[in-house]
Protein chains: 2
Amino acid sequence: MARYRVGLETRERILSATRRLLAEVGIEGVTLKAITAHARVGAGSFYNLFASKDDAVFEVIREAIESVDPDPAGAGADTLDDLVDAFVAFMTGSSPIARIYLQLAGRGLTDPSIASRVLRSHRRRVERFADAWQREDPSLSEAEAVARAEVMLGALTGLGMTALIDPSFDMRAHANELLPSQQGVAVPPLS
Amino acid sequence: MARYRVGLETRERILSATRRLLAEVGIEGVTLKAITAHARVGAGSFYNLFASKDDAVFEVIREAIESVDPDPAGAGADTLDDLVDAFVAFMTGSSPIARIYLQLAGRGLTDPSIASRVLRSHRRRVERFADAWQREDPSLSEAEAVARAEVMLGALTGLGMTALIDPSFDMRAHANELLPSQQGVAVPPLS
DNA sequence: GCAGAAATGGAACGAACACTCCAATATGTA
DNA sequence: TACATATTGGAGTGTTCGTTCCATTTCTGC
């Protein structure tokens, strides 16, 4: 619907406000009033650019789900270290998107349509981690590699959740424990 | 407020309905209308027994958080196998409480009061798992044991989330991968 | 079985919600 | 410059929310 420059700018302002609000107050806490207030637009302007509130929210959600996969361009060449590093960076970075993604996972427990989206992106990620496992240890069968990838991603997700709830949690140190190359290496004491 | 038998029964019916609804539609999806409809009571009856909707909801939430710790009575004597087993049983069991707990963890990302409750129970659990780790391998320092417990619980939480979103996921098999006694043992192929 | 308190259902309330409507204005095109 | 249309803010809509109120019924100790 947006054709003029000002309209496209307003659209971006709305999406930016929605992104921030999703991270701060959660999916259910986002109201149209809050979005329009933060984006400094009237309700009429909003509905001139989006069909509904959910339209804007889902736009941001899609963006969140897609950006969980770190560096999707370099597919097929990552080492396990790279993948874990990228995942940790995504979780502990300043972007609100990681918060949104983890909330979505929780919401997938009750909303089937969100569950299927989250699951699909999860399966893609498992595949990439499994490939990396097999490159690291070619003696692994595919099933074994997939199983290890599943456990590793489960752990990374769980650690990410702890890290986002508890800012003092050192996710990177704990995530390194998961790497076969670091097996048994001590984690530095918590500050 | 409840003094007579019928009142206490009604109270239980309301809590039961709230518990089921929390698991099925999530915290934000629970409405007073849904609670009173499922419990077959009028709004007046509800407010005769609870101060607010949140009063009933928090009652169930408290129950959910407390029951995550499997078998708190046998503290200090569990093996790692026992603890993992109990956690898996809790997650994959038929009780709606595991679903509620995982939702809560997600909500802790935006609600500080819920975050602190979830964190407190998490820390208690880490302590128990760390103790079990040290019993299993007395050469571990306390810091190392805590680190391993943290990773293990992160993985269990992440795997539990996957299991509750994807019913075909075999959590028990994957959780066993985490045990030092099973390190390197293959996971049976997914059906 | 009577008195007093507890329990009940449902109508009614204000607040908050997503969304509509529209007159006024800004923007791009030719 | 002039025209068509995109963009704007905000008052107004209908709905749903949690909660209150209260007349009526049910319960229990004495």
Side-chain angles (χ1 to χ4, degrees), chain A residues 1-62 100 103-104 107 110-111 113-114, chain B residues 1-62 100 103-104 107 110-111 113-114:
Chain A
M1 298 281 186
R3 290 236 257 268
Y4 293 171
R5 186 182 46 83
V6 283
L8 293 168
E9 282 170 4
T10 303
R11 201 186 132 85
E12 279 314 307
R13 229 170 43 247
I14 289 172
L15 286 176
S16 170
T18 307
R19 201 176 299 123
R20 193 149 50 102
L21 284 166
L22 271 176
E24 283 171 9
V25 299
I27 301 172
E28 314 282 350
V30 176
T31 65
L32 192 81
K33 199 174 172 180
I35 293 175
T36 54
H38 279 77
R40 292 189 310 279
V41 297
S45 310
F46 180 93
Y47 282 97
N48 180 48
L49 296 163
F50 295 91
S52 66
K53 188 193 80 168
D54 283 348
D55 190 14
V57 169
F58 283 137
E59 174 92 27
V60 173
I61 285 180
R62 213 167 336 186
I100 297 173
Q103 280 178 56
L104 275 181
R107 213 182 128 91
T110 57
D111 185 331
S113 82
I114 288 189
Chain B
M1 301 276 183
R3 290 237 255 269
Y4 292 172
R5 187 181 46 83
V6 282
L8 293 169
E9 282 170 4
T10 302
R11 201 186 133 85
E12 280 313 306
R13 233 172 37 247
I14 288 173
L15 287 175
S16 170
T18 306
R19 202 176 298 123
R20 193 149 49 102
L21 283 167
L22 272 175
E24 283 171 10
V25 299
I27 301 172
E28 314 284 350
V30 176
T31 64
L32 193 81
K33 198 175 172 179
I35 293 176
T36 55
H38 278 78
R40 294 189 309 280
V41 298
S45 309
F46 180 94
Y47 282 96
N48 180 48
L49 295 162
F50 295 91
S52 65
K53 189 194 79 168
D54 283 348
D55 189 15
V57 168
F58 283 139
E59 174 91 29
V60 173
I61 285 180
R62 211 165 328 159
I100 297 172
Q103 281 178 56
L104 275 180
R107 209 181 133 92
T110 57
D111 185 330
S113 82
I114 288 189

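Note that these values count all heavy atoms, side chains included, but never hydrogens, waters or copies made by symmetry.
Between B:F50 and B:L32, every side-chain heavy-atom pair lies at or beyond the 4.5 Å cut-off. A 4.5 Å side-chain heavy-atom check between A:T36 and A:V41 finds at least one atom pair inside the cut-off. Two residues are said to be in side-chain contact when any heavy atoms from C-beta on lie closer than 4.5 Å; A:I27 and A:L104 meet this criterion. The shortest side-chain heavy-atom distance between A:L15 and A:E12 falls under the 4.5 Å cut-off.
Distance from the side chain of B:Y4 is smallest for D:dC27 among the nucleotides D:dT7, D:dC27, C:dA18. When the nucleotides C:dA5, D:dG9, D:dT8 are ranked by their closest atom to the side chain of A:N48, D:dT8 comes out on top. You'll find that the side chain of A:T10 is closest to D:dT8, out of D:dA6, C:dA7, D:dT8. Side chain of B:L49, nearest nucleotide from D:dT7, C:dT8, D:dG9: C:dT8.
Both B:G44 and B:T31 lie near DNA chain D, and the one whose nearest nucleotide falls closer to the 5' end is B:T31. Toward the 5′ end of DNA chain C lies the nearest nucleotide of B:R5, the other residue of the pair B:R5 and B:A43 mapping further downstream.
Nucleic acid contact for A:V57: none, since no nucleic acid atom lies under 4.0 Å from a heavy atom of the residue. Across all strands, A:T36 comes closer than 4.0 Å to no nucleic acid atom at all (heavy-atom distances). Among the atoms of the strands shown, only primed sugar atoms or phosphate atoms (P, OP1, OP2) are found under 4.0 Å from some heavy atom of A:R40.
As a whole-Å value, the separation of B:E12 CD from C:dA7 P is 14 Å. Per the geometry, CZ belonging to A:R13 stands 11 Å off C1' belonging to D:dT8, to the nearest Å. D:dT8 atom C1' lies 15 Å from atom CG of A:L8, rounded to whole Å. Separating the CG atom of A:L32 from the P atom of C:dA15 is a distance of 20 Å, rounded to the nearest angstrom. Atom pair B:F46:CZ and C:dA7:C1' shows a separation of 15 Å (rounding to whole Å applied). Rounded to whole Å, the distance from CZ on B:R3 to P on D:dT26 is 21 Å. B:K33 has its NZ atom 16 Å from the P atom of D:dT19, to the nearest Å. Rounded to whole Å, atom C1' of D:dT16 lies 15 Å from atom CD1 of B:I35.
OP1 or OP2 of C:dC19 lies within a sub-4.0 Å distance of a side-chain N or O belonging to A:Y47. OP1 or OP2 of D:dG9 has at least one side-chain nitrogen or oxygen of A:S45 nearer than 4.0 Å.
For the residue pair B:G26 and B:Q103, the shortest heavy atom distance occurs at CA-OE1, 2.9 Å.
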